[in-house]
Amino acid sequence: MGTLVYFSSASGNTHRFIERLGAPAHRIASKRSEPTPLVKEPYILVLPTYSDGYGRGAVAKQVIGFLNDAQQRELIRGVIASGNRNFGRYFAYAGDVVSQKCNVPLLYRFELAGTATDISRVENGIKNFWKWNS
Amino acid sequence: MTVLTATHSATLRIPRAINWNRLEDDKDLEIWNRLTANFWLPEKIPLSNDIQSWGTLHPDEQLLTIRVFTGLTLLDTIQNTIGAPALMADALTPHEEAVLTNIAFMEAVHARSYSSVFSTLCQMSDVDDAFRWSEENEHLQAKSRLILDEYDAGSSPLKRKIASVFLESFLFYSGFYLPMHWSSRAKLTNTADLIRLIIRDEAVHGYYIGYKFQRMCERLNPDEYNRTKDFAFSLMFDLYDIESKYTQSLYDCVGLSEDVKHFLHYNANKALMNLGFEALFPESVCQVNPAIMAALSPNADENHDFFSGSGSSYVIGKTVATEDEDWDF
């Protein structure tokens, strides 16, 4: 059974999603001065998307900093991304970027803080995922 | 020469020069960068390619489209000239004020865009009729009145932000539905491209103003917060009531009212999420037509629910060394 690692800025949408999910999760610090969690077990990364209208800057700098640590990056097993469908083809684009860069599956996408359906799908999904991928 | 006579003696406070290298809130620069990167003008969209398509619409459908766009023009005009400027006085940082000037200007661009659509596709007399219609339509006037009452100086910074997020993230959508509908039928596709740019901008505006609302709420005690939240839900109910009638008055003739309402519920929930609140409408009434969702975000209907597949096996590649620059796309 793995864990979750997530990033949420001060707008708090991803944080609220994780809270409602109720699963253990490590939060990547918002400020570089704050300590980043040291994760020692396989994890699924949950992250919001910050791209402009051309897909640039989709992944938050703090997440890039976290994934640039080779030891931490080796433990990522999948990615869940949030965003807003108003961004068209770049909806939840951070998930595509991380999926390609780290060669792990994009497991799920949701909007803003997610709906009840999103929560239950992800809750069941990660349980099954870890049965096969622990 | 009365025009040169001072009418009041209040002295304007000299502001501090804005220093973008000293931020009090990183979100201000993040949003400034995103908004300026997204800047656009209607001239970049080849609207004239829609002239032939416009001719295939039934006169009732043309009338509906002109009216819907006129209604959207009114909302953009309100946000440009009253809404965003009213928020400036409440700004917590000088950078927030600067971001709001960008938001105000883009709302002017949005309002101007609908006139570009009109001048490209429509008879001016039909457009003039629609503008007259907008001044007399009771539902359009009623929702404008509710929003303006909260932009008024007698209201409060928190209420102004709530009204603004509801305008940006909820009230536009009874209108945005129609170009997405036409686009899903391969009609007015260039106009739809223009509307998608507006939709993208409104998402950032709603997000940012909602974020600033949440920052202000951090200063409230639980009782004050609950009263603010009650106000927000109550205003949403009132606006929804009007939107529902407005929707029926426009879309009943083409049989789309129920479909539009699902889209309204879905967007009302997103507006509330921008303010940090939970959803109001149950998911059973937020089942937006998949064709509309696909028109909104072309890759949205691709199956990215890996969980619902077997999920039994995949190969993890070797991790490669990365640097910050590798991620800069």
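So you know, we letter chains A, B, ... as the sequences are listed, proteins then strands, and number each from 1.
Ring pair A:Phe91/A:Phe87: centre-to-centre distance not below 6.0 Å. Aromatic pair B:Trp32/B:His95: ring centres not closer than 6.0 Å.
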Verify side-chain contact (heavy atoms from CB on, under 4.5 Å) between B:Trp182 and B:Ile195, making sure each step is shown before the conclusion. CA-CA 12 Å; B:Trp182 293 139; B:Ile195 302 297; over 6 Å; no
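Looking at heavy atoms from C-beta onward, B:Pro42 lies in side-chain contact with B:Leu194 at the 4.5 angstrom threshold. Between A:Asp69 and A:Phe66, the closest side-chain pair of non-hydrogen atoms is not below 4.5 Å.
Using a 4.5 Å cut-off between heavy atoms, B:Tyr208 makes no contact with chain A at all. Using a 4.5 Å cut-off between heavy atoms, A:Ile80 contacts chain B through its side chain alone, with no backbone atom that close.
In this structure, B:Asp25 pairs ionically with B:Lys212, as a charged nitrogen and a carboxylate oxygen lie closer than 4.0 Å. Ion pairing of A:Asp118 with A:Arg121 is absent here, as no side-chain N (NZ or NE/NH1/NH2) approaches a carboxylate O to less than 4.0 Å. Salt-bridge annotation for A:Asp96 and A:Arg89: absent, with no side-chain N of the basic residue lying under 4.0 Å from a carboxylate O of the acidic one.
Defined by atom type and a distance below 3.5 Å, a donor-acceptor pair is present between the side-chain atoms of B:His110 and B:Glu202.
Within a 6.0 Å radius of CD in B:Glu43, more than 12 heavy atoms belonging to other residues, nucleotides or ligands are found.
In this pair, A:Tyr93 and A:Tyr90 present their aromatic rings perpendicular. The plane angle is above 60°, beyond the 30 to 60° band.
If you take CG on B:Asn289 and NE2 on B:His262, they are separated by 10.0 Å, rounding to the nearest 0.5 Å.
Within residues 264-284 of chain B, the residues that have a heavy atom under 4.5 Å from a heavy atom of chain A are B:Tyr266, B:Lys270, B:Met273, B:Asn274, B:Gly276, B:Glu283, listed by number. For residues 14-26 of chain A, a heavy-atom distance under 4.5 Å to chain B picks out A:Arg16, given by residue number.
Per-residue counts of heavy-atom pairs under 4.5 Å with chain A were compared for B:Tyr207, B:Phe213, B:Phe176, B:Trp40; the largest is that of B:Tyr207. When each of A:Val122, A:Asn124, A:Thr117 is checked for heavy-atom pairs under 4.5 Å with chain B, A:Thr117 comes out on top. Put simply, of A:Ser51, A:Gly65, A:Gly12, A:Ser30, the one with the most heavy-atom pairs under 4.5 Å next to chain B is A:Ser51.
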